[in-house]
There are 2 protein chains.
Amino acid sequence: MKKNTIEIPSCSNCGNSKEFFCNLSESEKQLLSDKKGDNFYKKGQVIFYEGNHANGLYCLYDGKVKLTKLGKDGKEQIVRFSKNGDILGYRSLLSDEPYHATATALEDSHICMISKEKFLQVVEQNTKLSLQVIQLLSKDLKGAEQHLIDVAQKTVKERIAESLILLKNTFGYLADGKTININMTRSEIADMAGTSTESTIRTLATLSDENMIALDGKNIIISDLPNLIRCSNTYD
Amino acid sequence: MKKNTIEIPSCSNCGNSKEFFCNLSESEKQLLSDKKGDNFYKKGQVIFYEGNHANGLYCLYDGKVKLTKLGKDGKEQIVRFSKNGDILGYRSLLSDEPYHATATALEDSHICMISKEKFLQVVEQNTKLSLQVIQLLSKDLKGAEQHLIDVAQKTVKERIAESLILLKNTFGYLADGKTININMTRSEIADMAGTSTESTIRTLATLSDENMIALDGKNIIISDLPNLIRCSNTYD
DNA sequence: TTCTTCTAATGATTTGAATCATATTATTTA
DNA sequence: TAAATAATATGATTCAAATCATTAGAAGAA
């Protein structure tokens with residue numbers, strides 16, 4: 001990867017649907033590329049903390065990130081994920097509020113940073129870009145509201161099933177075409193589904209007994225996706 | 001109210017903080033004002049349904065509206081409210097997706113409608129307006145994610161207390177300065193807090209026994225706000 | 001390697017809150 | 001104004017899932 005050129009992964013990597021920076025003019029790209037920060041985070045390291053002030057836009061070049069909010073008694077709730085090509089922190093940047101979630105690397109990640117001033121400058125002169133931000137926020141909002149209903153109304157089993165499907169849809173499969181391409185602890189899956197670690201372990205065992213999934217250490221293999229979808233009670 | 005002039009309540013009514021259309025030029029205002037639809041909805045009537053196609057922007061001139069999503073077994077979840085001066089339906093309009101929630105009048109409401117084409121035309125040429133939409137979406141997203149954590153981690157009592165505080169913050173008090181300025185059924189409050197009607201009734205009775213609120217038919221009087229806030233376990 | 005710590009797995013117990021079952025008011029609307 | 005319907009209220013019961021408790025296995029650190 002060359003320095004000082006805008007190498008937003010969504011542009012250089014065509015497998016990625018979110019072509020966030022593709023509508024920029026050359027001069028705009030140049031502006032953003034200049035003095036762009038290039039950072040590496042180890043698994044478990046925190047990119048930014050909930051409550052802290054936003055000073056730039058993060059572009060996830062390579063890696064996986066979870067966004068969590070702190071709830072009662074310090075219990076975490078995973079609110080979203082980011083993967084290759086996603087941008088992070090745009091909400092706080094544009095609404096000029098502190099980060100409302102903590103971003104933590106789920107595996108070693110390579111993240112670029114664009115300064116607040118430059119990003120705002122480009123957004124303000126490029127309507128297409130702000131419409132793209134609107135699309136992103138709309139998608140996040142839709143996801144959050146769906147998640148809300150799920151947690152409020154679904155059983156633990158339905159939520160665990162749905163969480164596995166979300167993980168598969170977000171991170172895809174390994175080369176074997178059936179193992180979910182992410183390693184999370186049972187406790188993290190619990191934070192996702194809004195349940196306890198013990199219930200998560202038991203429910204995963206049940207889903208395995210019922211042959212919808214198979215467990216191999218931290219690897220989760222989806223052996224019967226249609227049934228898992230049915231089990232999750234999701235219709236969209 | 002005169003016809004054919006843009007009378008967005010947030011502009012004509014200065015008590016309202018959301019001055020959504022105040023950055024428009026005169027020609028832009030004129031464009032939006034022309035052939036603007038003017039509609040009246042009775043309490044209980046539906047303004048738009050989840051899943052339907054968006055064809056305009058709704059401006060709530062006067063009234064109160066709830067936004068609900070349908071969950072498991074047809075159980076409703078209230079995801080948001082709108083009041084005087086708020087705009088509705090912008091998410092679906094700008095992301096070009098069907099409405100993700102149903103909007104229902106909580107009381108008789110006066111709602112104007114701006115056509116999709118005209119609104120999009122103005123948004124695309126007015127960056128300030130799109131930045132304002134970003135602010136709105138950001139606020140909605142923050143609210144939804146907070147709501148998610150609450151439902152996932154708080155007890156019914158905490159959630160009911162918090163719901164009452166949200167209602168008070170959204171709709172304010174009646175002239176007496178202590179009665180929440182909204183009439184909702186116990187079942188609707190349950191849909192808000194993500195619990196059952198019976199639990200809502202019991203919890204309201206408990207809060208009343210503990211002198212944090214007083215109940216007078218459908219009216220809910222907040223008699224000890226600091227204690228109610230403490231009870232809701234909310235720190236922001 | 002061994003020690004320590006984190007993660008996973010299971011069993012036993014408790015509990016918050018949903019559900020079921022009826023009354024008792026309020027509101028509609030016929 | 002009566003009849004019908006919807007909303008509120010309470011008690012009894014059930015149940016899903018959290019919590020507590022303990023053991024077993026993995027993974028890092030010294």
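Naming convention: chains lettered A, B, ... in sequence-line order (proteins, then strands); numbering from 1 in each chain.
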- Item | Between Tyr90(A) and Asp140(A), a side-chain donor and acceptor under 3.5 Å | yes

- Item | Test salt bridge (Lys or Arg N to Asp or Glu O under 4.0 Å) applied to Asp224(A) - qualifying residues, sequence neighbours left out | none

- Query: With a 3.5 Å cut-off and no angle check, do the side chains of Ser199(A) and Ser196(A) form a donor-acceptor pair?
  - Reply: yes

- Message: When you compare the side chains of Asp176(B) and Thr179(B), does any donor N or O come within less than 3.5 Å of an acceptor on the partner?
- Response: yes

- For atom CG of Asp216(A) and atom C1' of dT7(C), their distance in whole Å: 15 Å

- Item | Side-chain ion pair, Lys72(A) and Asp150(B), N-O less than 4.0 Å | no

- Query: Are Phe81(A) and Phe171(A) close enough that their ring centres sit under 6.0 Å apart?
  - Reply: yes

- Message: How many whole angstroms separate atom CG of Leu215(A) from atom P of dT7(C)?
- Response: 17 Å

- Using whole Å, report how far CG of Asn219(A) lies from P of dA8(C). 12 Å

- Axis bend over the full length of the helix from dT1(C)-dA30(D) to dA30(C)-dT1(D), computed from five pairs that close each end, to 10 degrees: 50°

- Query: dA8(C) phosphate, OP1 or OP2: any side-chain N/O from Lys218(A) under 4.0 angstrom?
  - Reply: yes

- Query: Does Glu107(B) come within less than 4.0 Å of Lys64(B), counting only side-chain N to carboxylate O?
  - Reply: yes

- Message: So, using side-chain contact (heavy atoms from CB on, under 4.5 Å) as the criterion, who are the partners of Asp216(A) when residues are at least two apart?
- Response: Asn219(A), Ile221(A)

- Query: Atom NZ of Lys72(A) to atom P of dG16(C): distance rounded to whole Å?
  - Reply: 11 Å

- Item | Spacing between Lys154(B) atom NZ and dG16(C) atom P, to the nearest angstrom | 18 Å

- Query: Regarding Glu158(B) and Asn233(B), is there a side-chain donor-to-acceptor distance under 3.5 Å anywhere?
  - Reply: yes

- Item | Asp38(B) versus His110(B), side-chain donor and acceptor atoms under 3.5 Å | yes

Could you tabulate the donor-acceptor pairs under 3.5 Å formed by side-chain atoms of residues 44-53 of chain A, not counting sequence neighbours?
residue, atom, partner, partner atom, Å
Gln45(A), OE1, Lys42(A), N, 2.6
Glu50(A), OE1, Leu70(A), N, 3.0

- Note on the structure: Contacted region of DNA chain D by chain B, from 5' end to 3' end of the hits, cut-off under 4.0 Å to heavy atoms, spans dA7(D) to dA12(D)

- Message: With the threshold set at under 4.0 Å for non-hydrogen atoms, list the residues of residues 191-203 of chain B touching DNA chain C in residue-number order.
- Response: Thr195(B), Ser196(B), Glu198(B), Ser199(B), Arg202(B)

- Message: What is the separation between atom NZ on Lys43(A) and atom C1' on dT7(C), rounded to the nearest whole Å?
- Response: 12 Å

